[in-house]
Amino acid sequence: MTSNSSMNSVGLKRTNDPPLLILTSLASGPKHGHGLTKDIESFAGVRLGPGTLYGAITRLEERGLIIPLETHDRRRPYQITQLGTAVLEQTLEELRWLAEVGTSRLRLATGMGT
Amino acid sequence: MREHHRAPRRLLRWYPAAWQARYGDEFLKLIEDTLQSGRPTARFRLSIALAGLRQRALTSGLFGDSGPPAETVRTGSIIIFCAWTAFVFAGASFSKLSQHFVPTIPLASRALPVAAYDITAACGAVGAGLVVAAAIIALPSFVRLMQNDGWNAIKINVFRAATATAILAVSLLLLSFRAHRLSPYQRNGGDGLYSLAFVGWALLFAVALSAWARTVVNTTRRLTFAPRTLRVESALAQLASGSMAAATMAAAAWCVAMAVGAPQFLYGIRLDNAAAHFDPRLAVTILLMLIAAITSSYGVVRIRAAFNKTGNSMTPTTPI
């Protein structure tokens, strides 16, 4: 949380792309809207409003990355598809690569500066 | 209490009907879970409204690539039509402001401004002809809409537009009656009351034009077009966009030619020999033309993108 605040204070934000957060949340199992909101808040510190959440759910479903399951008490859970898992893996791999490049360059710059 | 329960449901109105049918119930449940018996704050309502409008824009193909290509083509054509409506207003203003310009230019410098003016007028006429042709081609779809109870969906728009037009017509009669009793000097800024009334009438003209444009847009969104008809309609819309661009360039060229050949006309030397001052109305008019032309270009971009995506496999449009 502290690191997030310090990043926001200089204009940098953590990865808070709603579709990515939703896919990440669904990677641990199906969840409905409210479950997704709480889970995303717990692991990413980002609270998605209903409009943002369902906007992203709509796009993910249209692209076949998630599928709806049976409704319980008007709450409809969503499940990540094989395609969604593949897209998530690829995106995380790209982020990992970016993090590695950034970290190594930062180390290099810090080493040169001292 | 009943009002309290209705509040979340009312938020759904911002979303398109098809979206409401698919996600509405679960979305409402999420809102109820989020609010936990509390009332939605203004900020919460605003966020839902913006998300709903964004969804509407995506569904209609206003931006993004998630909407059906046929809807994107239709929306692109509607954007061009809306731009054309603004262009009509700008064109009327240009026509009024450029009245009697020929005698103010020395004979030797007349060729360029006269040619630019004629091209502007010709492009405007071509654009109007294209819009009329598009309306004629859409007539069978319109008749089918009326036969399928479509009148109920658009009657409120038609009544509003007709009322605005009736008020416009009556005010024009009153204005003409007053104008006949004034001297040319009084009609051209010398009579404050008449000038104010004319500005009011111009605003009323814009309101009536907007009301009819809204009626056409609401009707067009409900029409079902076969792929071939849609292709022809979108081609006419793109040509209309071209005519707007050409007219804007010609009008700008006219301004430049007048600034060189008869600057006193642009600086509005008044008939009472008061100090010359720059008249901003012409600049505002050209700016409005430019905005309309740029907006219509966006419509062309949307249409081209949809056709590039689908090639010839466009599906018919469905009412949205």
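The structure displayed is predicted, hence computed values, not measured ones. As a basis for the values below, the full set of heavy atoms in this structure was taken, side chains included, without hydrogen atoms, waters or symmetry mates. Chain identifiers are assigned alphabetically (A, B, ...) following the order of the sequence lines, protein sequences preceding nucleic acid strands; residue numbering begins at 1 within each chain.
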Top contributor to chain B interface from A:G51, A:G33, A:P50 [non-hydrogen pairs under 4.5 Å] =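 Heavy-atom pairs under 4.5 Å are most numerous for A:P50.
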Chain B: which of A:T52, A:I57, A:D73 shares the most heavy-atom pairs with it under 4.5 Å?
->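 Looking at each of A:T52, A:I57, A:D73 in turn, A:D73 comes out on top.
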Which atoms of B:W14 come close to chain A, meaning under 4.5 Å heavy atom to heavy atom: side chain ones, backbone ones, both, or neither?
->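 Nothing of B:W14, per the 4.5 Å heavy-atom cut-off to chain A.
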With a 4.5 angstrom heavy-atom cut-off, could you sort out which part of B:L28 is near chain A: side chain, backbone, both or neither?
->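 Answer is both: backbone and side chain atoms of B:L28 are under 4.5 Å from chain A.
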Look at atom CZ of B:R214 and say whether more than 12 heavy atoms of other residues, nucleotides or ligands are closer to it than 6.0 Å.
->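 No, CZ of B:R214 has 12 or fewer neighbouring heavy atoms, counting only those of other groups under 6.0 Å.
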When you measure from the side chain of [X] to the backbone of [Y], do you find a donor-acceptor pair of N or O atoms at a distance under 3.5 Å?
X      : Y      : value
B:S243 : B:A240 : yes
B:E233 : B:A138 : yes
B:Q20  : B:Y15  : yes

Select one option (side chain, backbone, both, neither) describing which atoms of A:L53 are under 4.5 Å from chain B's heavy atoms.
->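 The side chain, not the backbone.
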Contact part of A:T37 toward chain B, heavy-atom cut-off under 4.5 Å: side chain, backbone, both or neither?
->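 When you check distances to chain B, only side chain atoms of A:T37 fall under 4.5 Å.
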Side-chain contact, heavy-atom cut-off 4.5 Å: B:F44 with B:L11?
->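 SC-SC contact between B:F44 and B:L11 confirmed.
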